[in-house]
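What follows is a single structure, written as structure tokens, with notes after it.
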Amino acid sequence: MTGTRGGVGRILAMGIGLAVALLLLAAGEARANYYSVAQCGWGAGADADWWDATGGTKFRLESLCSGGEGDHLKSFTRDGAGTVTGTRFARWRWVAPPTTNIRQVRGTWWHALHDGMEQRIGGAAADGGFAPFLAAASTDTAPHEFANTFTPSVPAVEDRLLCARADTKWCSLEASSWSALKAVTLTIDDGVPPGAWITGGTLTDGGWRRGDQFVSFSGYDAGGGARSGETLIDGGRVGFNDYPCEQALIEGEWRATRMRPCFTDVSGTLTIATTRFSDGVHTLRHCVADYAGNVTCTADRAVGGVGSHSQHGCS
């Protein structure tokens, strides 16, 4: 099995036997689905990037995501930096994997804000546009929960510490301002199906096959990644692969701990004992499920004759 993945992650909860096998028994049609991503809480890290519109001169970051009460992702104004020009900001940003978007976000926020500084949380567009659904302009250091559903879904979510004045004005940094987040859960909208292929093997070479034969297969998913694969002969399972995914059991549900928790590319080889099957032509299929539960199966492929006889025509 091979694979690649992207983003910055801090914990690895490798794939633990999931109920996705039940999904693979369904037909190979794609269906829209969702998955949840836990961030900076419950022992999960932060698969997010931080950026400072001033080039590092007016803001700084602090990150602690170890699973304790003190977990936080913070943006601070820099002590002794004087002032910051209006519209300038620092931000934490979560980006949905390719072919997916963010449907919902919930978490906890708190802040200390002075002289025009604000904390804003909202959806971000690929062109840099930002639409906040939550904003605060005064100090409140008691953590509060928030939640928002995006309609339509958005490609990214940002938490900004912003000088909320025109770019011809400025905010004083004499008193330190900061914004904080923790225990963030993002719901990813992933309706694009994975790819599934049978790539070769002696079982597909044609002619009469007997004894142990092998088949090679592969899968691909650019969104949440490939979660599992299943190989079937005549509709019955002859092989199953539960691929490793970065996830954790949180509050009774499996949540990813990275924006893309599983490998994008997977492959494998399966040995099949033909003595398990009657003589004659059979159908071979391989299915792949992604982390959101979308399933794709190859078209049935005839393999034959497969059987237990030592040679064709024996009785």
Side-chain angles (χ1 to χ4, degrees), residues 5 7-26 30-48 63-73 92 94-97 100-110 121 133-134 142-151 153-154 157 159 180-194 221 223-230 240-263 288-295:
R5 69 181 89 204
V8 180
R10 291 182 175 84
I11 72 170
L12 178 63
M14 300 299 281
I16 300 169
L18 302 170
V20 95
L22 299 176
L23 295 170
L24 287 173
L25 297 178
R31 60 187 182 88
N33 218 327
Y34 304 90
Y35 64 90
S36 295
V37 181
Q39 295 283 276
C40 199
W42 314 282
D47 189 8
S63 172
L64 177 63
C65 301
S66 60
E69 286 294 322
D71 279 359
H72 61 262
L73 296 171
W92 288 97
W94 287 268
V95 180
T100 76
N101 282 296
I102 299 171
R103 178 65 171 171
Q104 186 182 78
V105 62
R106 63 185 188 272
T108 301
W109 73 325
W110 66 108
I121 303 173
F133 64 84
L134 200 60
H144 298 281
E145 294 182 356
F146 68 87
N148 185 71
T149 299
F150 299 100
T151 306
S153 300
V154 295
V157 166
D159 167 49
L181 284 178
K182 71 174 182 178
V184 176
T185 298
L186 303 112
T187 301
I188 309 299
D189 180 354
D190 183 357
V192 177
D221 186 74
R227 188 174 185 176
S228 62
E230 184 181 38
F240 180 77
N241 293 83
D242 192 8
Y243 299 117
C245 297
E246 297 187 36
Q247 59 192 355
L249 186 61
I250 298 169
E251 297 174 342
E253 71 169 352
W254 286 103
R255 297 181 198 170
T257 55
R258 293 172 63 102
M259 299 299 284
R260 177 193 288 138
C262 309
F263 290 114
V288 174
D290 67 18
Y291 196 75
N294 301 300
V295 181

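This one's a predicted model, so the numbers in the text were calculated from it and none came from an experiment. Just so it is clear, the values below take in all heavy atoms, side chains as well, and ignore hydrogens, waters and symmetry mates.
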Using the side-chain contact (heavy atoms from CB on, under 4.5 Å) criterion, which residues pair with L249? Sequence neighbours excluded. W254

Evaluate the side-chain proximity of M259 to V95: yes if any heavy-atom separation is below 4.5 Å, no if none is. no

Pairwise side-chain contact, C262 with D290, heavy-atom cut-off 4.5 Å (strictly under): no

Residue pair F133 / V105, side-chain heavy-atom distance below 4.5 Å: yes

Let me confirm one number: the CZ-CG distance from R260 to D47, rounded to the nearest 0.5 Å. 10.0 Å

Can you name the nearest heavy-atom pair linking A48 to W92, along with the distance? CB-CE3, 4.2 Å

Pairwise distance CZ(R106) to OG1(T185) - rounded to 0.5 angstrom: 4.5 Å

With a cut-off of 6.0 Å (strictly less than), are more than 12 heavy atoms of other residues, nucleotides or ligands near CD of E251? yes

Taking the side chain as C-beta and beyond, is there a heavy-atom pair between H144 and W109 under 4.5 Å? yes

side-chain contact (heavy atoms from CB on, under 4.5 Å) with D221: of V192, V288, D190, only one passes, and it is D190

Hey, could you give me the CG/CZ distance between N241 and R227, rounded to the nearest 0.5 Å? 14.5 Å

Residues P97 and G223: closest non-hydrogen pair is CB-O, 3.4 Å

Could you pull out the closest heavy-atom pair between C65 and G45, with the gap in Å? CB-CA, 4.1 Å

Straight-line distance of Q104 CD to L186 CG, nearest 0.5 Å: 9.5 Å

Distance-only polar pair, side chains of Y291 and Q247, donor-acceptor under 3.5 Å: yes

Apply side-chain contact (heavy atoms from CB on, under 4.5 Å) to the pair F150 and V157, showing each step before the final yes or no. CA-CA 10 Å; F150 299 100; V157 166; 3.8 Å; yes

Looking only at heavy atoms, what is the nearest atom pair of Y243 and G229, with distance? CE1-N, 3.6 Å

Taking only residues two or more places apart in sequence or in another chain, which ones pass side-chain contact (heavy atoms from CB on, under 4.5 Å) with A96? T100, I102

When rounded to the nearest 0.5 angstrom, what distance separates CZ in F146 from CG in L134? 6.5 Å

Which residues share a side chain to side chain donor-acceptor pair (under 3.5 Å) with S66, sequence neighbours left out: none

Taking only residues two or more places apart in sequence or in another chain, which ones pass side-chain contact (heavy atoms from CB on, under 4.5 Å) with A38? W42, A44, I250, R255

Rounded to the nearest 0.5 Å, what separation is found between the OG atom of S228 and the CG atom of D242? 6.5 Å

Is the shortest heavy-atom distance from the side chain of T149 to the side chain of R103 under 4.5 Å? yes

Which pair of heavy atoms, one from H72 and one from K182, lies closest together, and at what distance? CA-CB, 4.3 Å

Restricting to non-hydrogen atoms, name the atom on T108 and the atom on P143 that form the minimum distance, rounded to 0.1 Å. CG2-CB, 3.4 Å

Can you sort out the partners of S153 under side chain to side chain donor-acceptor pair (under 3.5 Å), two or more places apart, ordered by chain and number? D189

Do C40 and V184 come within less than 4.5 Å of each other through their side chains, counting heavy atoms only? no

Sorted by chain and residue number, the side chain to side chain donor-acceptor pair (under 3.5 Å) partners of W94 (sequence neighbours excluded) come out as Q39

